[in-house]
Amino acid sequence: MKTSQLLTATLREAPADAEIVSHQLMLRAGMIRQLAAGIYTWLPLGLRVLRKVEAIVRDEMNRAGGQEIQMSAIQPAELWQESGRWEQYGPELLRIADRHEREFCFGPTHEEIITDLVRREIRSYKQLPINLYQIQTKFRDEIRPRFGIMRAREFLMKDAYSFHLNDESLQETYEQMHATYSKIFTRLGLKFRAVIADSGNIGGSKSHEFHVLADSGEDQIVFSENSDYAANLEKAEAIIPQESRPEPSQTMKTVDTPGQHSIDEISSFFNISAKQCLKTLIVKSEDDGLIALVLRGDHELNTIKAEKLAGVLSPLTFADNAEIKSSIGCEVGSIGPVGLSIPLYIDHSAGNLSDFICGANTDAKHLTGVNWERDVPLPASVDIRNVCEGDMAADGSGKLNFARGVEVGHIFQLGTKYSASMKASCLDEQGKAVTLTMGCYGLGVSRVVASAIEQNHDDKGITWPAAIAPFQLALIPINMHKSQRLREAVMSFYEELLTAGIDVILDDRRERPGVMFADMELIGIPHRFVFSEKGLDAGEIEYKARTDTDNQNIALDTASQFITEKLIQ
RNA sequence: CGGGGUGUAGCUCAGCCUGGUAGAGCGCUGCCUUCGGGAGGCAGAGGUCGGAGGUUCGAAUCCUCUCACCCCGACCA
């Protein structure tokens with residue numbers, strides 16, 4: 001490819017509404033343009049990258065025994081009604097009607113469609129297991145699309161669905177997909193981590209997320225310093241403290257604490273660590289009452305864990321001030337478990353405190369020297385907090401480290417959630433009808449592109465991993481238009497590279513060298529050769545990798561071999 | 001959807017407070033010079049100031065409505 005034939009649309013300045021690096025660089029490099037909120041046009045350069053990601057994903061899926069299909073982006077409402085998600089899914093589902101007023105949606109995911117297909121086609125256990133996938137445009141009408149292609153409403157996703165006679169078979173395919181995803185992200189050249197995840201509203205039991213590590217990532221992931229254990233913060237288990245609770249050494253006293261509400265205020269008022277304070281949060285219960293959640297002062301509530309507690313209203317809803325005042329009799333800043341008449345859930349760490357400080361359930365008063373069992377009954381404690389950096393990992397292997405990640409893949413063991421409601425079954429060896437067990441495996445292809453940039457950039461632009469760079473090699477001739485000899489040398493070298501199958505871009509624009517250097521660096525071509533008259537006299541060309549600091553001279557007659565070897569590495 | 005913000009040339013922005021007929025830099029076109037890190041000069045093209053309504057002799061500027069986009073929250077590949 002020659003730059004004169006490519007829609008090079010590089011910008012010196014990033015449009016003001018691009019917030020994160022990948023969005024800015026994708027705009028500046030001329031990879032994408034915005035059409036509407038969360039909706040983008042892919043320009044030639046961006047599409048080349050997208051296609052390369054897609055090719056790797058497809059190749060690995062095929063190797064793992066996946067079969068590619070293509071389902072319709074538009075889906076009939078009937079199937080969604082059958083699974084019950086037409087009502088459940090909410091406004092994120094883009095619903096449309098045709099000219100006959102028949103209802104459809106633009107597919108945000110394809111469980112219903114694949115389940116419908118499989119229940120029609122699969123008759124016998126002999127056809128199982130089966131793993132079908134597609135790479136296709138999805139639409140989710142997100143409340144707030146942002147960060148360019150990273151969280152778009154329309155995006156490209158690889159979604160695979162497997163069907164099984166039993167859980168053992170599902171487990172096998174699930175593990176195979178786990179390994180396949182690891183291969184894919186390794187081939188893409190990305191630093192990533194597989195973590196234990198919450199399965200969210202897709203349903204099912206077991207799931208893992210794959211995160212590309214990047215400081216700008218929206219997810220907090222935690223991992224053990226000594227083992228493979230890794231989890232999304234929302235799912236990471238906090239283990240029960242191993243040390244036993246110290247014996248009480250203080251007597252309980254009521255202290256006036258005018259104007260002291262937050263844990264920060266209380267801990268500095270008493271000049272004591274937040275770890276010795278209790279935080280009591282009041283949420284709504286399913287039967288319209290209130291429930292108290294008690295945490296150690298320095299800990300954060302984990303809403304996902306809390307929502308799963310018996311009786312707690314999901315989604316988690318905090319009680320408002322008026323409800324608390326009328327039910328408990330004090331303001332938010334003075335609540336504590338002592339004498340509280342509503343149901344309590346105590347976090348493990350909070351339950352392990354002694355001589356702690358908490359609200360007295362009377363305005364402007366707190367209790368000090370409080371002890372479980374002696375002053376207040378201690379129900380069985382539960383895990384409702386976010387783990388902290390330095391906590392012991394749930395597998396007991398070592399301390400937890402934190403990192404930020406971008407979720408690019410998510411695999412689920414769905415079980416029979418869809419196959420049961422949509423009656424997808426087949427006959428087993430005994431000729432008995434068995435409801436199929438199902439797994440699903442998503443991978444955000446377009447998001448991979450953005451996250452790759454988040455992980456690989458410098459002050460000059462993108463530094464693509466070789467596997468997904470739009471071109472492998474840039475050829476930059478200096479003052480080519482002034483030298484017939486140079487032009488001939490460059491063109492013949494260019495042809496030679498093309499013949500050798502090298503993905504090369506020749507910058508044949510009549511630009512000054514600085515412009516060409518800056519553009520090729522911005523779009524992140526991993527390797528570069530510079531041709532000049534001077535070099536030609538010496539029989540040399542100049543080589544520099546995108547991330548090198550210095551040039552090196554290469555004999556022209558070995559340059560083709562040189563770059564071939566570089567590309568194999 | 002709740003809260004906040006922005007809409008003026010392809011991009012970044014000034015002008016708005018205090019109304020008087022639209023600007024800069026970059027980019028774009030042509031010519032000249034320059035030619036190894038986003039050059040310089042000259043000449044140009046390009047805007048119904050997001051839209052509608054209103055106030056006024058006069059509106060980018062003041063008022064009302066509306067649309068779009070962005071940011072913070074809950075959601076997700």
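The sequence lines fix the lettering, A, B, ..., with proteins before strands; numbering per chain opens at 1.
By the 6.0 Å and 45° rule, A:Arg95 does not stack over the aromatic ring of A:Trp80. Stacking of A:Arg528 on the aromatic ring of A:Phe517 is recorded, both the 6.0 Å distance cut-off and the 45° axial limit being met.
Rounded to whole Å, the separation between the C1' atoms of B:rC16 and B:rU29 comes to 33 Å. Comparing B:rG54 with B:rC71, their P atoms sit 35 Å apart, to the nearest whole Å. As rounded to the nearest Å, B:rU34 and B:rG20 have C1' atoms that lie 45 Å from one another. Separation of the P atoms belonging to B:rC31 and B:rG38 is 24 Å when rounded to the nearest angstrom. A distance of about 7 Å separates the C1' atoms of B:rG50 and B:rA68, rounded to the whole Å. Taking the C1' atoms as reference points, B:rG23 lies 10 Å from B:rU8, given to the whole Å. With C1' as the reference atom, B:rG37 and B:rC70 are 34 Å apart, rounded to whole Å. B:rU61 and B:rC17: their P atoms are spaced 9 Å apart (whole Å).
In this pair, A:Tyr181 and A:Phe185 present their aromatic rings perpendicular. The plane angle is above 60°, beyond the 30 to 60° band.
If you take CD of A:Glu407 and P of B:rC75, they are 12 Å apart, rounded to a whole angstrom. Nucleotide B:rA77 holds its C1' atom 16 Å from the CZ atom of A:Phe147, rounded to whole Å. When rounded to the nearest whole Å, the span between NE2 of A:His211 and P of B:rC76 equals 13 Å. In this entry the distance linking CD1 of A:Ile304 with P of B:rA74 reads 10 Å, nearest Å. Straight-line distance from the CD atom of A:Glu209 to the P atom of B:rC76: 10 Å, rounded to whole Å. Nucleotide B:rA74 holds its C1' atom 15 Å from the CG atom of A:Asp141, rounded to whole Å. Straight-line distance from the NE2 atom of A:His208 to the P atom of B:rA77: 15 Å, rounded to whole Å. Here B:rC71 presents its P atom at 11 Å from CD of A:Glu218, a figure rounded to the nearest Å.
Residues from residues 130-138 of chain A placing a heavy atom under 4.0 Å of any atom in RNA chain B do not occur. Within residues 57-69 of chain A, no residue has any heavy atom under 4.0 Å from RNA chain B.
Look at B:rA60: it lacks any Watson-Crick or wobble partner with both distances under 3.5 angstrom. The partner of B:rG44 is B:rC28, by the rule that a Watson-Crick or G-U pair needs both atom distances under 3.5 Å. Nucleotide B:rG73 is matched to B:rC1 when pairs are restricted to Watson-Crick or G-U wobble geometry with both distances under 3.5 angstrom. Pair check for B:rU18 finds none; no Watson-Crick or G-U wobble contact set falls under 3.5 Å. Within the shown strands, B:rU33 is the pairing partner of B:rA39 under the Watson-Crick or G-U definition, both distances less than 3.5 Å. Remark: B:rU6 base-pairs with B:rA68. Criterion, Watson-Crick or G-U wobble with two distances under 3.5 Å.
Two rings, from A:Tyr543 and A:Phe562, have their centers less than 6.0 Å apart. If you look at A:Phe529 and A:His527, their ring centroids are not closer than 6.0 Å. With ring centers used as reference points, A:Phe402 lies 6.0 Å or more from A:Phe223. Between A:Phe493 and A:Phe531, the gap from one ring centroid to the other is short of 6.0 Å.
Candidate nucleotides B:rA74, B:rC71, B:rA77 were compared by shortest atom distance to the side chain of A:Glu19, and B:rC71 ranks first. When the nucleotides B:rC76, B:rC70, B:rU12 are ranked by their closest atom to the side chain of A:Gln34, B:rC70 comes out on top. For A:Ala36, the listed nucleotide lying nearest its side chain is B:rC69; candidates were B:rC69, B:rA77, B:rG73.
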For nucleotides 34-42 of chain B, give me one character per nucleotide, 5' to 3': B if any protein heavy atom sits under 4.0 Å from the base, S if the only such contacts are to the sugar-phosphate, - if neither. BBBBBB---
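Judged by distance alone, the side chains of A:Thr3 and A:Asp508 do bring a donor and an acceptor atom under 3.5 Å apart.
Within the model, atoms OG of A:Ser83 and OH of A:Tyr89 stand 10.5 Å from one another, a figure rounded to the nearest 0.5 Å.
With a 4.5 Å cut-off on side-chain heavy atoms, A:Gln472 and A:Ile525 do not count as touching. The shortest side-chain heavy-atom distance between A:Lys544 and A:Glu521 falls under the 4.5 Å cut-off. With contacts defined as side-chain heavy-atom distances shorter than 4.5 Å, the pair A:Lys460/A:Leu522 does not qualify.
Nucleic acid contact for A:Ala18: none, since no nucleic acid atom lies under 4.0 Å from a heavy atom of the residue. Residue contacts shown for A:Ala152 include a base, since a base heavy atom lies under 4.0 Å away.
Residue A:Arg146 has a polar side-chain atom (N or O) positioned under 4.0 Å from OP1 or OP2 of B:rC72. Residue A:Arg144 places at least one side-chain N or O closer than 4.0 Å to OP1 or OP2 of B:rC71.
No more than 12 heavy atoms of other residues, nucleotides or ligands sit less than 6.0 Å from atom CD of A:Glu237.
Residues forming a side-chain hydrogen bond (donor to acceptor under 3.5 Å, both in side chains) with A:Arg509 (at least two apart in sequence, or on another chain): A:Asp507, A:Asp519.
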Extract from the structure each pairing of a protein N or O with an N or O of nucleotides 44-46 of chain B at less than 3.5 Å, listing the distance.
none

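Mapping A:Pro15 and A:Arg151 onto RNA chain B by nearest heavy atom places A:Pro15 at the nucleotide closer to the 5' end. Along RNA chain B, the nucleotide nearest A:Ala16 and the nucleotide nearest A:Glu307 are compared for position; the residue whose nucleotide lies closer to the 5' end is A:Ala16.
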Expected list for residues 12-22 of chain A: side-chain donor-acceptor pairs under 3.5 angstrom, two or more places apart:
{"residue": "A:Ser22", "atom": "OG", "partner": "A:Glu454", "partner atom": "OE2", "Å": "2.7"}

Audit row: A:His208, A:Phe210, ring pair (Phe, Tyr, Trp, His ring centres under 6.0 Å) steps and yes/no: CA-CA 7 Å; A:His208 282 86; A:Phe210 286 77; 7.3 Å; no
Give the C-alpha distance, both sets of side-chain angles, the deciding distance and a yes or no for side-chain contact (heavy atoms from CB on, under 4.5 Å) between A:Leu233 and A:Val387. CA-CA 7 Å; A:Leu233 179 65; A:Val387 295; 3.7 Å; yes
